[in-house]
Amino acid sequence: MIRYRILLTVILAFAAAQMVGRAESKANPAQHTFSIGTNDFLLDGQRFEIRCGEIHAARVPREYWRHRLQMAKAMGLNTVCAYLFWNQIEPQPGKFDWSGQADVAEFCRIAQEEKLWVILRPGPYSCAEWEMGGLPWWLLKTDDIKLRTRDPRFLDPAKQYLKEVGRVLGPLQITHGGPILMVQVENEYGFYGKDLDYMGDLRQALVDAGFDVPLFACNPPYVLKNGFRPDLFPVVNFGSDPGGSFKALRQVLPQGPLMCGEFYPGWFDTWGAPHHTGNTPRYLGDLEDMLKHDESFSIYMAHGGTTFGLWAGADRPFKPDTSSYDYDAPISEAGWPTGKFFQTRELFSKYLLPGENLPEPPPKNPVISVSPVEVTECAPVFANLPKAVTSSSPLTMEQYNQAHGCLLYRTTVPAGGPALLEAAAVHDFGFVFLDGKEAGLMDRRNNSYKIKLPARTHPTTLDILVEAMGRVNFGEGVLDHKGIHAPVRLDGKELNGWKVFDLPLDETELSGLHFQKAKDDAGPAFWRATMNIQKPGDTFLDLRTWGKGVVWINGHCLGRFWNIGPSQTAYVPGPWLNAGKNEVVIFDLLGPEKPVVAGLEQPILNELHLEKDFARTHRPLVTLQLSSAKPVLTASFAPGAEMQDVHFGAPAKGRYFCIESLSAHDGQPYAAIAELDLLDASGKSLSHEGWTVAYVDSEERDREDGSAENAIDGQTASFWHTEWGNDQPDYPHRLVLDLGKSQTIAGFRYVPRPGGDDVGGRIKDYRIYVGDALVQR
Ligand code: GLA
């Protein structure tokens with residue numbers, strides 16, 4: 001009897017191990033070896049040039065993973081690079097979910113079947129225009145947590161997460177018969193900190209998790225030294241000037257193969273700014289330059305795809321990212337080969353390694369159009385409220401244990417005359433109603449949290465419907481608590497006694513809605529329609545007549561929409577459609593101009609309608625007051641693209657920082673700045689928290705996204721550029737930063753517009769002003 005019981009236990013244990021095998025890939029003997037040699041990467045001991053491209057499994061419909069990987073192979077890539085997003089894999093503390101779009105192990109297996117190697121970027125922080133840079137919202141439940149540091153309240157869960165990544169993806173390393181060549185630690189940490197031990201702890205956590213392939217770290221050229229550790233192979237990220245960037249890399253990597261960790265063919269889009277398209281001739285030229293010099297690279301993005309759901313993040317200071325992540329990549333959002341795809345393929349075909357060949361691209365997936373459908377049903381938010389929770393003063397979304405979506409904050413305001421309603425802050429938009437009637441809007445983009453309420457004859461219900469867009473994915477801004485930041489005051493008196501309704505915009509909420517016949521004045525509402533489709537195929541939902549919100553089809557959340565653009569369509573993967581009835585649900589905070597929806601055969605990615613922006617100007621109008629101000633510095637910048645640190649004779653104090661450019665090195669009327677950092681007396685960068693652009697005399701917002709916020713978004717690939725399209729205003733050019741509060745400034749760091757000496761906008765002479773009264777509101 002005992003013998004049978006032991007036998008049974010062994011059988012059961014083995015069966016259980018098999019189960020895990022299915023989630024956790026079974027380790028196989030290594031067939032190949034990969035290492036970092038003195039001069040080259042070595043695959044099976046042979047020189048190996050990494051021609052890599054970035055594709056995010058989360059941003060590609062799972063049904064199309066193989067198609068996109070075949071496209072990547074046909075373009076000439078031999079490796080794909082993939083971020084993991086911690087917040088997608090661990091949506092609740094300790095609850096790991098590798099299903100559906102998060103099944104990265106399956107993505108890697110398909111890559112291997114398609115003869116592609118994999119470079120893994122598990123984070124814990126990833127950036128990537130993804131909600132909170134991939135960090136889980138629930139970390140914010142600890143008010144004073146120090147993200148991306150050795151704060152144990154951050155590091156312990158991060159280590160747990162990496163351990164889980166090791167359990168699931170460790171067996172897919174080349175050392176265990178899989179396709180994974182290298183694993184990245186953190187992401188561009190040099191931008192954020194200099195704590196070597198933090199990077200060391202993460203490195204060790206990956207080793208402890210079972211990763212035995214080379215571990216590396218990526219940074220842009222001018223912060224490579226920050227956080228640099230010799231036991232982490234460094235790669236450099238850049239969008240142009242390979243020569244200069246690799247020269248910077250050689251300063252930390254005197255010997256060894258040179259690799260560009262992110263080479264940008266395009267760029268991402270944010271709502272309300274023009275669609276980005278890359279400079280293709282320069283992209284091809286720089287790629288060939290790297291091929292000629294046997295340098296390795298990873299194209300970011302080779303295929304951008306779509307940020308489905310509510311996962312799109314926000315660029316700093318607060319520029320919400322579009323759900324389309326087409327990125328003007330060689331492989332378009334719907335997986336189509338673009339001109340750039342064929343040019344890249346042709347270029348790579350000239351630099352193939354011995355034994356390599358280029359397969360034909362797979363056929364394009366079927367594309368359909370769907371005739372316009374009238375949307376006849378709606379479920380107004382105010383008629384579909386869940387059970388409320390009460391709190392004396394408003395708390396943030398995380399404190400109500402809610403991850404994403406909207407929150408309705410309700411209280412009663414007394415009868416009385418016109419009054420000023422003000423919140424400390426609202427992340428991100430507060431739609432204000434009095435007894436259900438629109439009364440105004442609070443807008444984080446320009447820190448406008450004040451509303452004049454009209455007179456009230458009786459105690460009135462005040463509702464603030466807060467829409468949270470993505471959490472900022474870069475810099476200190478990732479500490480992005482959503483919802484209302486208390487206090488809320490009425491004529492200075494704090495309002496208490498709130499009822500709060502959670503509207504997480506998830507399946508549960510959708511399934512509980514009561515739809516009724518549509519009516520014009522529905523206010524913020526969910527709308528529903530049925531699309532009958534004979535033969536499903538990819539299509540692009542036309543949302544041009546809708547306002548602002550989120551759209552689903554057959555329960556799949558396609559992402560956000562906003563009528564200001566630049567994108568006006570939502571990509572619908574064919575496999576998510578049924579032959580027959582398809583349910584479309586549209587959550588619209590503003591309400592449609594015309595409640596119709598159709599499917600188009602082409603995406604609309606570049607149609608701006610700034611006239612539809614509820615913030616008429618994306619910055620409150622102010623008057624510049626320089627005449628009575630005394631400059632703290634008058635000087636000239638050196639020519640070229642190098643970053644320049646400038647120190648004042650004596651520190652200056654003030655809430656506003658103004659750079660007045662007086663001339664350009666090329667004598668043209670344009671000014672441009674890629675990055676501005678302000679320095680304290682010890683030369684340390686001041687935190688950007690609360691910074692906004694108070695005033696700018698000119699910015700190109702039509703032909704390209706030259707908006708002034710680009711000078712403080714932390715990304716050197718984006719830059720402020722004065723108008724050059726419809727107008728070319730001449731010098732002087734003024735840019736005024738509002739630091740939110742008075743600060744002591746001892747200098748600043750100026751990062752010129754990237755690129756060769758032929759690019760315009762390189763400022764020569766300038767003056768600096770610091771003070772509390774440089775602008776008048
Ligand atoms: C950085 C980050 C990436 C991404 C790009 C911009 O370099 O590392 O994750 O955010 O910028 O697309």
Side-chain angles (χ1 to χ4, degrees), residues 52-59 80-88 119-135 148 184-193 199 216-224 226-227 234-241 245 248-249 259-270 273 275-278 283 297-307 311-317 319-330 333 470-475 477-478 674-675 705 709-710 712-719 751 754:
C52 182
E54 186 104 6
I55 299 181
H56 300 152
R59 285 181 157 131
V80 285
C81 187
Y83 274 131
L84 298 190
F85 301 117
W86 179 9
N87 51 14
Q88 181 199 30
I119 292 178
L120 201 62
R121 311 214 277 174
Y125 166 76
S126 301
C127 194
E129 291 68 62
W130 187 269
E131 149 82 16
M132 207 169 152
L135 298 176
R148 300 179 71 191
Q184 178 178 292
V185 176
E186 243 270 2
N187 189 77
E188 295 196 328
Y189 175 68
F191 257 140
Y192 191 81
M199 288 297 276
F216 73 100
C218 74
N219 276 300
Y222 68 100
V223 289
L224 278 164
N226 297 359
V235 303
V236 62
N237 296 350
F238 56 83
S240 58
D241 186 19
S245 307
L249 181 58
M259 176 159 182
C260 168
E262 292 178 12
F263 178 64
Y264 312 110
W267 198 243
F268 60 90
D269 288 344
T270 56
H275 172 55
H276 285 86
T277 50
Y283 153 80
F297 51 80
S298 179
I299 297 168
Y300 189 104
M301 300 291 293
H303 170 55
T306 313
T307 314
W311 289 118
D315 199 18
R316 147 176 119 175
K319 296 196 316 181
D321 302 315
T322 59
S323 291
S324 167
Y325 203 60
D326 179 88
Y327 217 93
D328 196 33
E333 178 169 7
R471 289 182 176 84
V472 170
N473 55 265
F474 185 84
V478 289
E675 258 333 284
D705 174 15
E709 277 77 10
N710 291 342
I712 54 172
D713 69 355
Q715 305 273 6
T716 53
S718 68
F719 49 88
V751 183

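Note that ligands are numbered from 1 as they come in the structure, with each ligand's atoms numbered from 1 the same way. Residue numbers count from 1 along this sequence. Excluded from the calculations below are hydrogen atoms, water molecules and symmetry mates; all remaining heavy atoms, backbone and side chain alike, are included.
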Would a 4.5 Å heavy-atom cut-off, applied to side chains only, mark E262 and N187 as touching? yes
Nearest-0.5 Å distance that lies between atom CG in N237 and atom CE in M259: 9.0 Å
Any residue meeting side-chain contact (heavy atoms from CB on, under 4.5 Å) with S245, in chain and number order, not counting sequence neighbours: P221, V236, F238
Identify all N/O pairs between ligand 1 and the protein with a separation under 3.5 Å and present them as a table of atom names and distances.
residue	atom	partner	partner atom	Å
ligand 1	7 (O)	E188	OE1	3.1
ligand 1	7 (O)	E188	OE2	2.8
ligand 1	7 (O)	E262	OE1	2.6
ligand 1	7 (O)	Y264	OH	2.8
ligand 1	8 (O)	Y83	OH	3.3
ligand 1	8 (O)	N187	ND2	2.9
ligand 1	8 (O)	E188	OE1	3.3
ligand 1	8 (O)	E262	OE1	3.2
ligand 1	8 (O)	E262	OE2	2.7
ligand 1	9 (O)	Y83	OH	2.7
ligand 1	9 (O)	S126	O	3.3
ligand 1	9 (O)	A128	N	2.9
ligand 1	10 (O)	A128	N	3.2
ligand 1	10 (O)	E129	OE1	3.3
ligand 1	10 (O)	E129	OE2	2.7
ligand 1	11 (O)	Q715	OE1	3.4
ligand 1	12 (O)	E129	OE1	2.7
ligand 1	12 (O)	Y327	OH	2.5

Can you tell me which residue among F85, Y325, W130 is in a ring pair (Phe, Tyr, Trp, His ring centres under 6.0 Å) with W311? W130
Value rounded to 0.5 Å, distance of CG in N87 from CD in E131: 6.0 Å
Near-ring test F191/F474, centroid separation under 6.0 angstrom: yes
